[in-house]
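Proteins come first, then strands; the chains are lettered A, B, ... in the order of their sequence lines, and each starts at number 1.
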There are 2 protein chains.
Amino acid sequence: MGQRRADTIAEELEERIFDGTFSDGDRLDEVRLAQQFGVSRTPLREAFQRLALSGLVELIPRRGAFVRQPGPVELMEMFEVMAELEAVCGRLAGKRISDQALAELNEANAKCLAAVEAQDSDSYYVENERFHQILYRESGNSFLRQEACKLHKRLKPFRRQQLRFRGRLAQSMAEHEAVVKALTAGNGEAAAAALRDHVAVQGEKFHTLMASLRNAAE
Amino acid sequence: MGQRRADTIAEELEERIFDGTFSDGDRLDEVRLAQQFGVSRTPLREAFQRLALSGLVELIPRRGAFVRQPGPVELMEMFEVMAELEAVCGRLAGKRISDQALAELNEANAKCLAAVEAQDSDSYYVENERFHQILYRESGNSFLRQEACKLHKRLKPFRRQQLRFRGRLAQSMAEHEAVVKALTAGNGEAAAAALRDHVAVQGEKFHTLMASLRNAAE
DNA sequence: GTCAATATTTTTGTATACAAGAATGCCCTT
DNA sequence: AAGGGCATTCTTGTATACAAAAATATTGAC
C-alpha cells in the first residue's frame with residue numbers, strides 16, 4: 001500500500017520536522033497541509049501514520065497529529081540505547097566479522113583521517129556514517145542491523161552538530177581506531193566497550209547536545 | 001488519530017495472524033475484510049498501516065498488504081536481539097534498581113516457584129511476564145523499556161510454547177534466581193550474562209522452537 | 001464581570017465514488 | 001499448440017461527501 005504521494009508527503013513532512021519548520025507540540029493541520037500539497041486529506045492521513053511509526057508524530061484519537069520532538073531526558077535515553085546497540089553490534093562482530101569487512105572499515109577510517117586533517121567535518125560525517133553502517137551489517141544479524149539503522153537515523157539531526165566542535169573529530173577518530181583494533185584482534189568485548197564509549201553522551205558532549213536542543217527550540 | 005474502529009480492527013487482525021487464521025504470504029483483501037467487519041475500506045487501510053509498523057504486515061505499493069511471519073532465521077535473530085536487550089536492561093538495572101523493585105522481583109519469583117511446584121506452566125508464564133516487565137522498567141530508561149516491550153510482545157507467540165517442555169520450568173526458574181542474586185549484589189555484568197543466557201535460544205530450545213515453527217506452518 | 005450552559009463552528013473519522021495501475025483471460029499469430 | 005499482444009476485470013490509491021466528536025463562541029444568569 002505504500003503509495004506514490006503519501007510516501008513523498010511523509011518524507012517532506014519529516015524534512016520539515018527535522019529542519020524546524022514544525023516544532024514540538026505543533027498540530028499538523030490536515031486540511032491546510034492538504035491544500036498546500038495539492039492533495040486530499042486521505043494521503044495526508046496515511047503520511048501521518050508513517051510518521052507516527054517512526055515516533056516523530058503522535059496520533060491522538062479525535063484530536064489530530066502532533067509533532068513530538070524528544071525532550072532532553074528522552075534524548076539521553078535514546079543515545080544510551082544507541083550506545084548499547086552499537087556495543088552489541090561490536091561484540092557480535094568480534095566473532096563474525098569478515099576480513100573483507102575489516103578492510104572496508106580500515107578504508108572508511110582512512111578517509112575519516114583524511115577528513116580530520118582537512119578539517120572537513122562534513123566529509124568526516126559521511127565516512128563516519130559508512131563506518132557505523134558496516135558495523136551494523138557485520139553484527140551478522142539483519143534484524144539488529146535494521147533496528148540500529150532506524151535509531152541511528154532518528155538521532156541523525158542531533159548527532160550532526162556534535163562533530164562541529166574543537167577536538168571532537170580527533171577524539172572520535174581515536175575511538176574508531178580502538179574499535180578496529182579490537183575487532184582485528186577478534187576481541188568482541190573490547191570492541192563493545194569502545195563503541196559504548198564512542199556513542200555515549202557524556203562529559204563535554206552532554207553540554208553541546210543540550211545547547212543544540214536549546215537552539216532547535218527557537 | 002488512532003480511531004475507534006481502525007484500532008480494534010488492527011487488534012483483531014493481529015490476533016488472527018498470531019492464531020494462524022492468516023499465515024505467511026497471505027494477502028489481506030481490503031474489500032473482503034471490510035465486508036466481514038462491516039466497515040468501509042478506509043479503516044481497514046489504517047489498520048494495515050498499524051500492523052506494518054509492528055512488522056506483522058508488509059505493504060507493497062499497488063499490490064496490497066501481505067502477512068509477514070518471520071522465518072527461522074529472522075526469528076533466531078529477533079531472539080538474539082531480545083537476549084541482548086534484556087542483558088542491557090540487566091546491566092543498567094544493576095546500578096539503578098531500587099530496593100522496592102528488588103522486593104517485587106523476589107515476589108514474582110516466589111510465585112514462579114509456586115507455579116513450578118504446581119506444574120502450572122500457564123501461571124508460570126504470567127509471573128514470568130511480570131518478572132521481565134519489572135526488569136525493563138528498572139533499567140531506568142523508558143525508551144529502552146518501550147523497545148524491549150515491543151520486541152517481547154512480538155515474540156510472545158513463539159515463547160509461550162517454549163515453557164511447555166520437561167525441565168524448562170525448573171531451569172528457567174534457576175536462571176531467574178541467578179539474575180536476582182546478581183542484581184542484589186549490584187553486579188550488573190553478572191545480571192546481564194544471566195539474562196542473555198536465559199533468553200537466548202540455544203541447545204534444546206532451538207529444536208523446540210523449530211518444531212513449533214513447523215506446526216505453525218500447517 | 002464572571003461563570004456556566006448551549007449553540008455554532010471546526011476538525012476528525014468513515015463511507016462512498018472515481019481514477020489509474022496491475023492481474024487475468026482471450027484472441028490472434030506463427 | 002505455444003507465445004505474445006490486447007481487452008477486460010479486479011484492486012489499489014485518491015478525492016469527495018457526510019456524520020460524529022471536540023473546540024470555540026455566544027448568550028444568559030447571578
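Residue Leu28(B) is the one, among Gly38(A) and Leu28(B), whose nearest nucleotide of DNA chain D lies closer to the 5' end (criterion: closest heavy atom). Comparing Arg27(B) and Thr42(B) by the nucleotide of DNA chain D that holds the closest heavy atom to each, the one mapping nearer the 5' end is Arg27(B).
At a threshold of 4.0 angstrom between heavy atoms, the contacts of Arg32(B) with the nucleic acid are absent. Val39(A) comes within contact range of the sugar-phosphate backbone alone, with a heavy-atom separation under 4.0 Å but no base atom that close.
With 3.5 Å as the limit, one finds no donor-acceptor pair spanning the side chains of Asn141(B) and Ser139(B). A donor-acceptor contact closer than 3.5 angstrom is absent between the side chains of His152(A) and Gln133(A).
A straight line from CD of Glu30(B) to P of dG13(D) spans 7 Å, rounded to a whole angstrom. Computed from coordinates, the Asp29(B) CG to dA23(C) C1' distance equals 14 Å when rounded to whole Å. Taking atom CG on Leu44(A) and atom C1' on dT16(D), their separation rounds to 15 Å, with Å as the unit. Taking atom CZ on Phe66(B) and atom P on dA22(C), their separation rounds to 13 Å, with Å as the unit. The nearest whole Å value for the distance from the CZ atom in Phe48(A) to the P atom in dT14(D) is 14 Å. As a whole-Å value, the separation of Leu33(B) CG from dT12(D) P is 10 Å. Rounded to whole angstrom, the span from the CD atom of Glu58(B) across to the P atom of dT12(D) amounts to 15 Å.
In this structure, Leu44(B) CG and Leu33(B) CG are separated by 5.5 Å, a value rounded to the nearest 0.5 Å. Remark: Arg159(B) CZ to Asn128(B) CG distance equals 7.5 Å, nearest 0.5 Å.
No salt bridge links Glu147(B) with Lys150(A); every basic N to acidic carboxylate O contact stays at or beyond 4.0 Å.
At dA23(D), none of the side-chain N or O atoms of Arg62(A) fall inside 4.0 Å of OP1 or OP2 (strictly under the cut-off). Put simply, Ser40(B) has a side-chain N or O that comes within less than 4.0 Å of OP1 or OP2 on dA15(C).
Nearest nucleotide to the side chain of Arg45(A), out of dT11(D), dT14(D), dG13(C): dG13(C). In this structure, of dA22(D), dG21(C), dT14(C), it is dA22(D) that holds the atom nearest to the side chain of Arg63(A). Looking at the side chain of Ala6(B), the nearest of the listed nucleotides dT14(C), dT11(C), dT12(D) is dT14(C). With distances taken from any side-chain atom of Arg41(A) to the nucleotides dT12(D), dA15(D), dT14(C), the minimum falls on dT14(C).
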